[in-house]
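Okay, so here's the structure we're looking at.
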Amino acid sequence: MQTHTFKPDQPPPSMSVGVVAWLRSNLFSNWFNSLLTLFALYLIWLMVPPALQWSLFDANWVGTSRTDCTADGACWVFVKEHLAQFMYGFYPEQLRWRVDLTAWAAIIGAAPLFIPVMPRKALYGAAYLVIFPLLAFWLMYGGFGLDIVETSQWGGLMLTLVIAVVGISGAMPLGILLALGRRSDMPAIRVLCVTFIEFWRGVPLITVLFMSSVMLPFFLPEGMSFDKLLRALIGIILFQSAYMAEVVRGGLQAIPKGQYEAAAAVGLGYWRMMGLVILPQALKLVIPGIVNTFIALFKDTSLVIIIGLFDLFTIIHQATVNPEWLGFAVEGYVFAALVFWIFCFGMSRYSMHLERKLHTGHKR
Amino acid sequence: MSEAEKKQQQEPAIIMQGVNKWYGQFHVLKDINLQVQPGERIVLCGPSGSGKSTTIRCLNRLEEHQQGRIVVDGVELTSDLKQIEAIRREVGMVFQHFNLFPHLTVLQNCTLAPMWVRKMPKRKAEEVAMHFLERVRIPEQAHKYPGQLSGGQQQRVAIARALCMKPKIMLFDEPTSALDPEMVKEVLDTMIELAESGMTMLCVTHEMGFARTVANRVIFMDRGEIIEQAEPNTFFDNPQNERTKLFLGQILH
């Protein structure tokens with residue numbers, strides 16, 4: 001009988017690994033790609049140095065008024081002087097510590113959730129979700145011993161974050177329920193969910209906000225009025241939940257029928273099947289879509305200008321038309337873009353991290 | 001023999017009486033009558049589309065029958081969700097494509113239902129899970145994800161997962177059909193061991209060697225009907241029906 005001797009593994013040829021190989025395959029794989037690479041380098045050389053010149057090297061950093069901006073570059077004094085306003089809007093100055101405290105409570109409270117070995121994480125998370133909103137509302141709005149700050153005084157980045165966070169945390173669960181309802185076996189629930197989703201997806205957000213502030217009062221009994229911000233928040237949640245529902249439904253449709261059957265066969269009822277088996281997989285699949293919706297929501301917060309609320313963008317815009325500071329619109333908008341970008345990029349990076357973390361080997 | 005007689009006197013584990021089922025206009029199950037005694041091991045075979053999978057999927061209501069009566073472990077299957085869930089607790093199922101939960105580790109796959117359905121404390125559920133993972137000989141894989149295992153290993157985990165619910169009846173729906181040839185044996189060995197422990201088993205399979213060694217009764221189905229049933233030696237060596245002979249002639253070269 002013969003015994004086969006297997007050949008030992010050989011290292012790959014040197015041209016297929018390393019820097020040179022990378023350059024070759026990514027930037028100079030053929031004459032057309034080499035040309036594109038050179039063109040791109042030219043564009044970078046054309047654009048980046050002047051941008052850096054304006055924003056950093058020639059910029060004005062110190063001073064308190066426009067007369068201090070003598071250099072050719074950006075006048076960051078404008079942003080510096082208005083920073084508090086950009087952050088808090090018209091929130092009374094002596095009470096702004098309450099907003100800061102809320103932000104710190106949010107960050108410190110959430111931190112344990114990101115410690116991998118933390119025991120009873122689910123319980124802690126649930127408690128956080130119940131306690132933090134109450135605490136945040138009490139700190140920012142007041143009552144029970146704190147001076148009340150009406151929501152019309154809220155503004156700037158603080159308002160943007162309030163709308164985004166409330167919008168996201170309201171739209172997510174509602175969207176999941178709508179997605180499940182749309183795939184329900186019960187016709188009444190299905191029709192209800194489809195109608196809801198198609199209605200809210202068919203209406204522009206601006207219209208929703210208009211209706212919430214202008215038309216809703218007509219339908220309410222005399223003397224009864226809702227807070228303007230609350231109405232906007234409800235409108236945004238309902239609007240975004242319709243989008244979220246469709247994203248989640250995409251994930252649900254990608255789960256093979258065998259998963260439903262296996263979950264049913266071990267005796268899990270509908271809600272446990274969904275909560276323990278189907279949704280964890282479906283939501284993981286649609287993380288990119290969910291984050292996409294969140295980012296869109298975050299940027300759409302600026303539309304609350306429609307009902308007279310001043311979010312980060314609007315408050316910056318207001319500052320640029322202030323006669324004392326005319327001519328610094330570019331600085332203002334660059335700053336607005338930077339802040340929005342930091343938050344959106346943060347969300348995007350976190351979602352990528354989450355996708356990697358939740359990846360559990362090859363699909364069958 | 002006396003043990004078999006004792007079992008005869010017990011209530012049957014499964015009763016199917018005049019079961020009919022249609023997919024739209026298509027009549028998949030035609031007047032199926034079947035009784036299974038506790039501890040009995042039954043192999044269902046037949047050409048594809050003959051309704052054998054549908055038959056066992058009706059037993060835990062993954063498919064709904066439209067006519068007739070199905071009683072499993074003394075509980076009649078109706079549209080009552082409580083009864084369906086009660087039956088599913090007592091009936092384990094193993095699928096052709098394993099259907100493990102890919103987002104959970106092997107151990108979590110095994111403890112999920114005992115913890116949430118049987119309300120077993122986590123530690124106890126893990127103990128039970130490790131016991132059955134040892135029985136299917138993969139305790140060392142407990143903390144891996146299904147995606148990191150071979151097909152044969154995944155199917156053995158699926159068997160362990162079903163056993164963790166301590167079912168009275170096990171259903172196997174072509175458990176080796178999706179496996180590479182090298183891995184069929186390890187799964188069949190696990191099933192043979194399970195059969196030797198006295199589990200009531202219904203198994204849809206094309207593994208005729210398995211049927212011969214393990215089954216008490218082999219059932220041949222075609223076009224939604226039970227054509228012939230007999231104990232394996234009679235079934236393979238002396239089939240009574242033309243259709244059965246033809247089928248056996250095609251698969252036993």
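Computed from heavy atoms alone, side chains included, the values below leave out hydrogens, waters and symmetry copies.
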Hey, does the side chain of B:Asn99 reach the backbone of A:Gln259 with a donor-acceptor pair shorter than 3.5 angstrom?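 No.
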For the candidates B:Arg88, B:Arg61, B:Arg118, which exhibits the highest count of non-hydrogen atom pairs separated by less than 4.5 Å from chain A?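 Option with the top pair count is B:Arg88.
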Which of residues 263-274 of chain A get closer than 4.5 angstrom to chain B, counting heavy atoms alone?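 At a heavy-atom separation under 4.5 Å, chain B is reached by A:Ala263, A:Ala264, A:Ala265, A:Val266, A:Gly267, A:Leu268, A:Gly269, A:Arg272.
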Let me confirm one number: the CG-NE2 distance from A:Leu283 to B:His103, rounded to the nearest 0.5 Å.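 Going from CG on A:Leu283 over to NE2 on B:His103, the span is 10.5 Å.
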Roughly how far apart are B:Arg57 CZ and A:Glu261 CD, rounded to 0.5 Å?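 CD of A:Glu261 is found 4.0 Å from CZ of B:Arg57.
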Would one find more than 12 heavy atoms of other residues, nucleotides or ligands at under 6.0 Å from atom [atom1] of [X]?
X	atom1	value
B:Lys185	NZ	no
A:Asp185	CG	no
B:Glu182	CD	no
B:Arg137	CZ	no
A:Arg349	CZ	no
B:Lys122	NZ	no

Would you mind reporting whether B:Leu104 and A:Val277 have side-chain heavy atoms less than 4.5 Å apart?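 The answer is no; the side chains never approach within 4.5 Å.
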Toward chain A, the part of B:Phe101 with a non-hydrogen atom under 4.5 Å: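 B:Phe101 touches chain A through backbone and side-chain heavy atoms alike.
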